[in-house]
Amino acid sequence: MKVVLPDNSELELPDGASALDAARAIGPKLAEQAVLARVDGRPQDLRLPLADGDHIQLLTTRDTQDPDALYVLRHSSAHLLAEAVRRLYPGVKVAIGPPIENGFYYDFDFPEPIREEDLERIEAEVRRELAEGRSWTREEISREQARDRFLAEEEPYKVELVDTAEGDISLYTQGDFTDLCRGPHLQDSKPIKAFKLTGLAGAYWRGDSSKPQLTRIYGTAFYSQADLDAHLHQLEEARRRDHRRLGVELDLFHLDDISPGSPFWHPKGQVIWNELEALRKRENAKRGWLEVQTPLIYDQRLWELSGHWEKYREHMFLIPEPDRTFSIKPMNCPGHMWLYNSRLHSYRDLPLRYAEAAPLHRNELAGTLHGLTRVRKVTQDDGHCFCTRDQIEDEIFACLDHAMFLYDLFGLGARFELSTRPENRLGTDEEWDFTEGALKAALERRGLAYEINEGDGAFYGPKIDLHMEDALGRAWQVGTIQLDYGQPQRLGCTYMSAENTEETPYLIHRALFGSFERFIGILTEHFAGDFPFWLAPVQVRVLPVGESHGDASLTLAGRLQDAGYRAEVGEPNETIGKRIRDAELEKIPVTIVYGDKESDESLAVRLRGGEQLTLGLVDLLTKLATL
RNA sequence: GCCGGAGUAGCUCAGCUGGUAGAGCAAACGCCUUGUAAGCGUUAGGCCGAGGGUUCGAGUCCCUCCUCCGGCUCCA
């Protein structure tokens with residue numbers, strides 16, 4: 001048989017030859033360094049037989065940054081971890097251990113809980129394995145054999161995996177550890193040049209909170225120590241950008257025991273909030289969204305009608321009164337529909353777009369709160385568009401366009417996910433075909449790539465989620481665009497059609513920042529606190545060299561304020577060096593030192609980062625306008 | 001909510017096997033009047049997360065709760 005190499009040359013091999021055989025045919029060095037094959041673009045274990053005509057590529061220990069090469073390295077590292085843990089902790093049950101984005105984990109069921117300190121011991125054991133060297137062998141056996149084998153080893157999780165596995169069962173063995181595993185794996189442990197355990201956490205078996213909780217050990221591995229160092233450095237950088245840290249350092253906000261999950265916004269943080277709010281209003285006005293204001297608390301009856309009472313009550317803050325129970329709103333939609341229903345509507349009114357950035361309260365589980373990115377007081381840049389079936393695609397398109405305008409403004413990259421019909425749903429298949437089709441068409445018309453989350457839509461309609469990643473590489477949902485026919489029906493929203501029939505409008509729920517809280521958190525990390533000039537809480541600080549320069553400095557700051565900038569004068573009670581340093585640490589974009597040498601004709605301007613300019617006042621104003 | 005870890009001054013942290021609570025930065029005050037990333041001195045600052053227990057004595061040991069951190073689940 002023949003296989004095709006990356007340079008399109010053909011290699012003649014005996015039938016049933018593996019990628020490793022192919023490597024040997026090319027050269028012994030390659031065979032030694034090979035870690036993984038890519039066959040027709042898909043990663044495949046070196047030991048598996050190739051088929052005639054396969055396009056193969058051999059990844060080696062030199063492909064240190066290739067995601068597939070790292071995956072196989074880390075997958076094998078996870079098996080080494082499991083081997084070490086089984087040796088050190090007799091009676092432990094092993095669950096699963098896959099590679100992940102920046103490393104790997106392995107889930108165990110320990111007879112006794114272990115602690116962070118134990119990681120050192122485990123890591124040492126893995127190092128011992130690495131020093132000894134391990135090689136992996138692969139075997140394929142029947143399901144029954146696999147079942148018997150793991151039953152004999154008293155590995156109930158493996159037995160369960162065998163029972164639910166599809167296709168043939170493959171096993172990988174290294175040292176005295178055999179794992180049920182699809183692979184692929186390394187030939188041996190030599191390529192693992194850096195190994196580190198990074199953390200310990202609880203995780204439910206199969207991600208299901210009703211199943212037993214296992215202990216997950218996280219780790220990472222690289223093809224070189226330098227790569228591990230670079231990775232650790234990146235983690236350090238992420239910590240430096242952490243919005244929870246920067247929020248306190250830059251005096252933007254703080255969180256307090258007295259109201260968990262609800263930030264206190266300090267004056268400087270509120271400046272950023274206000275700028276985003278102004279942006280929100282400006283763009284909404286341009287795009288035909290009408291600002292409204294609806295109540296914060298509603299009678300239980302409304303939530304019963306909307307379905308929240310049934311589906312969402314555990315997340316709602318209730319206010320029991322003697323004669324009736326109120327709830328603080330966790331979402332704006334019911335209020336907006338109630339507003340819509342306050343009068344009769346004609347098809348001529350549609351699309352009708354209501355916008356409101358009201359504070360919402362959601363009683364999130366205590367363990368899920370996280371800085372600004374997961375809070376209990378949520379302020380969405382919310383909008384609800386009532387429209388006809390024919391208007392859906394254009395309206396979704398407009399929302400996507402609006403979202404991209406905002407994200408581009410900040411240089412943020414977004415990822416789009418289309419969630420389609422779930423198992424439990426309202427509406428006919430024809431209906432879902434149509435609405436999913438409309439969302440797809442809008443995404444494609446706007447030229448946006450998207451992934452599809454099959455079955456992840458809400459029970460009342462499909463949705464498009466917009467994700468961004470924070471400095472630690474965690475993906476956060478920011479915006480969401482959801483199509484809804486069920487709630488308008490439940491609340492009895494109607495309009496009169498051109499044919500004089502009563503129809504139910506479709507409702508598009510839409511938030512583009514997502515929430516101000518989370519969005520500001522992400523922006524803080526994205527910019528590492530160096531907010532763009534228009535968002536900077538203090539834009540210009542004038543530093544008088546001595547007390548005699550105070551009046552001139554005040555005059556200058558006043559002129560800048562008149563021109564619309566947030567300018568202030570610093571106290572002259574420290575050395576200039578110290579005050580420059582403070583301004584840098586506060587990340588103020590423009591600092592002006594004002595002393596004997598300065599005048600309206602000649603100002604000593606320092607930009608954030610250290611660049612210095614000498615500008616007259618007129619040129620300074622021109623310059624500020626470009627920042 | 002679940003698993004693991006942690007809560008000491010505004011911030012970052014020290015405080016061993018129980019014996020009257022400490023540093024740096026920040027702050028206030030004073031001196032210096034400063035020229036592009038830290039001038040000098042003085043002072044003040046703590047119910048050691050909350051409640052209970054063990055003990056002659058608890059920041060330190062035990063229990064419960066709260067909050068925070070890393071995850072799981074959930075989610076904007």
Side-chain angles (χ1 to χ4, degrees), chain A residues 105 107 109-110 113-119 198-218 239 242 244-245 248-249 251 254-261 312 314-315 330-331 360 362-382 465-468 472 474 476-480 482 509-519 521-522 543-550 572-586 591-598 604-613:
Chain A
Y105 66 79
D107 286 345
D109 192 344
F110 283 94
I114 64 160
R115 324 168 112 242
E116 296 264 353
E117 296 92 271
D118 297 311
L119 292 184
T198 53
L200 192 60
Y204 298 109
W205 170 235
R206 304 211 143 173
D208 183 340
S209 58
S210 68
K211 299 253 168 72
Q213 178 132 17
L214 308 172
T215 302
R216 177 169 296 177
I217 298 178
Y218 284 93
R239 269 190 287 278
D242 192 319
R244 293 166 299 181
R245 177 194 175 91
V248 172
E249 279 176 10
D251 199 17
H254 84 272
L255 289 156
D256 196 294
D257 246 22
I258 205 73
S259 183
Y312 203 76
E314 57 174 333
H315 292 297
M331 297 182 191
L360 309 174
R362 302 177 178 179
N363 196 357
E364 303 289 356
L365 297 174
T368 64
L369 300 178
H370 182 94
L372 292 178
T373 50
R374 191 68 191 274
V375 290
R376 288 202 171 120
K377 195 211 107 186
V378 188
T379 313
Q380 291 184 318
D381 59 327
D382 213 353
D465 286 330
L466 303 93
H467 291 87
M468 280 166 201
L472 291 144
R474 287 173 299 212
W476 290 101
Q477 186 176 331
V478 282
T480 184
Q482 307 191 4
H509 307 251
R510 161 236 88 155
L512 305 176
F513 292 147
S515 77
F516 281 77
E517 288 84 0
R518 179 177 289 181
F519 199 71
I522 290 170
L543 301 176
V545 170
E547 252 158 39
S548 60
H549 310 109
N573 49 8
E574 280 289 357
T575 59
I576 280 290
K578 168 72 163 152
R579 285 182 283 156
I580 293 280
R581 178 180 150 86
D582 288 344
E584 283 288 349
L585 291 176
E586 289 175 53
T591 311
I592 300 174
V593 174
Y594 204 110
D596 287 338
K597 293 182 256 175
E598 279 66 42
V605 179
R606 179 192 166 101
L607 303 180
R608 181 169 53 194
E611 187 188 347
Q612 289 180 48
L613 304 165

Trainee: With A:Asp208, which residues qualify under salt bridge (Lys or Arg N to Asp or Glu O under 4.0 Å), at least two apart?
Mentor: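 A:Asp208 satisfies salt bridge (Lys or Arg N to Asp or Glu O under 4.0 Å) with A:Lys211 once adjacent residues are dropped.
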
Trainee: Nearest-nucleotide wise, let me know which of A:Gly371 and A:Gly514 is further upstream toward the 5' end of RNA chain B.
Mentor: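 Closest to the 5' end, via its nearest nucleotide, is A:Gly371.
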
Trainee: Does a distance-only test, which skips hydrogens and angles, find a donor-acceptor pair under 3.5 Å between the side chain of A:Tyr204 and the base of B:G1?
Mentor: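 Present.
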
Trainee: Write down the distance between CZ (A:Arg206) and C1' (B:C74), rounded to a whole number of angstrom.
Mentor: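 Nearest whole value for this atom pair: 20 Å.
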
Trainee: Taking 4.0 Å as the cut-off, does a side-chain nitrogen or oxygen of A:His509 come that near to OP1 or OP2 on B:A76?
Mentor: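 No.
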
Trainee: Side chain of A:Val375: nearest nucleotide among B:A76, B:U73, B:G39?
Mentor: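 Closest nucleotide among those given: B:A76.
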
Trainee: Go through the structure and list residues passing salt bridge (Lys or Arg N to Asp or Glu O under 4.0 Å) with A:Arg374, not counting sequence neighbours.
Mentor: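 For A:Arg374, the residues satisfying salt bridge (Lys or Arg N to Asp or Glu O under 4.0 Å) (neighbours in sequence not counted) are A:Glu364.
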
Trainee: I'd like to check the side chain to side chain contact (heavy atoms under 4.5 Å, CB included) partners of A:Asp382; sequence neighbours left out, ordered by chain and number.
Mentor: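 Here the qualifying residues are A:Asn332, A:Gln380, A:His384.
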
Trainee: Looking only at non-hydrogen atoms, find the nearest pair between A:Val375 and A:Gly261 and report the distance.
Mentor: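 Closest pair (atom of A:Val375, atom of A:Gly261, distance): CB-O, 3.0 Å.
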
Trainee: Can you list everything that forms a salt bridge (Lys or Arg N to Asp or Glu O under 4.0 Å) with A:Asp465? Sequence neighbours excluded, please.
Mentor: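 A:Asp465 satisfies salt bridge (Lys or Arg N to Asp or Glu O under 4.0 Å) with A:Lys463 only.
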
Trainee: So, using ring-ring contact (aromatic ring centres under 6.0 Å, His included) as the criterion, who are the partners of A:His549 when residues are at least two apart?
Mentor: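 With sequence neighbours excluded, A:His549 shows a ring-ring contact (aromatic ring centres under 6.0 Å, His included) to no residue whatsoever.
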
Trainee: Is A:Gln477 close enough to B:A76 that one of its side-chain N or O atoms is under 4.0 Å from OP1 or OP2 there?
Mentor: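 So the side chain of A:Gln477 is within the cut-off, an N or O lying under 4.0 Å from OP1 or OP2 of B:A76.
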
Trainee: Please confirm whether any donor atom in the side chain of A:Glu598 sits under 3.5 Å from an acceptor in the base of B:G35, or the reverse.
Mentor: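 Between B:G35 and A:Glu598, which were checked side chain against base, a qualifying N/O pair under 3.5 Å is present.
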
Trainee: Please list, pair by pair, any protein nitrogen or oxygen found under 3.5 Å from a nitrogen or oxygen in nucleotides 26-29 of chain B.
Mentor:
from: B:A26; atom 1: OP1; to: A:Lys578; atom 2: NZ; distance (Å): 2.8

Trainee: For A:Ser515 and B:A76, is the shortest distance between a side-chain N/O and OP1 or OP2 below 4.0 Å?
Mentor: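 It does not, given that no N or O in the side chain of A:Ser515 lies less than 4.0 Å from OP1 or OP2 of B:A76.
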
Trainee: Of all residues at least two apart in sequence or in a different chain, which pass the side-chain hydrogen bond (donor to acceptor under 3.5 Å, both in side chains) check with A:Arg245?
Mentor: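 A:Arg245 satisfies side-chain hydrogen bond (donor to acceptor under 3.5 Å, both in side chains) with A:Glu249 only.
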
Trainee: My understanding is that only residues two or more places apart in sequence, or in another chain, count here; which of them pass side-chain hydrogen bond (donor to acceptor under 3.5 Å, both in side chains) with A:Arg376?
Mentor: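 With neighbours one apart ignored, the set is A:Asn363.
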
Trainee: Does A:Arg374 have a side-chain nitrogen or oxygen under 4.0 Å from the phosphate oxygens OP1 or OP2 of B:A76?
Mentor: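 Answer no for this pair, as no side-chain N or O of A:Arg374 is under 4.0 Å from OP1 or OP2.
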
Trainee: With sequence neighbours left out, what residues match A:Arg362 under salt bridge (Lys or Arg N to Asp or Glu O under 4.0 Å)?
Mentor: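 By the salt bridge (Lys or Arg N to Asp or Glu O under 4.0 Å) rule, A:Arg362 matches no residue at all.
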
Trainee: By side chain to side chain contact (heavy atoms under 4.5 Å, CB included), which residues pair with A:Lys578, not counting sequence neighbours?
Mentor: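 Only A:Glu574, A:Thr575, A:Asp582 meet the side chain to side chain contact (heavy atoms under 4.5 Å, CB included) criterion with A:Lys578.
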
Trainee: Using whole Å, what does the distance between atom P of nucleotide B:U36 and atom CD1 of A:Ile592 come to?
Mentor: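 Rounded to the whole Å, the gap is 17 Å.
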
Trainee: Is there a donor and acceptor pair closer than 3.5 Å between the side chain of A:Arg216 and the base of B:C72?
Mentor: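 A donor-acceptor contact between them is absent.
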
Trainee: With pairs taken as Watson-Crick or G-U wobble and both distances under 3.5 angstrom, which stems of at least three consecutive pairs involve RNA chain B?
Mentor: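 Expected stems, ordered by start: B:1-7 with B:66-72, B:10-13 with B:22-25, B:27-31 with B:39-43, B:49-53 with B:61-65.
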
Trainee: Closer than 4.0 Å, any side-chain N/O of A:Arg362 to the OP1 or OP2 of B:C74?
Mentor: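 It does not, given that no N or O in the side chain of A:Arg362 lies less than 4.0 Å from OP1 or OP2 of B:C74.
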
Trainee: Show each protein N/O and nucleotides 42-45 of chain B N/O combination with a separation under 3.5 Å, one pair to a line.
Mentor:
none

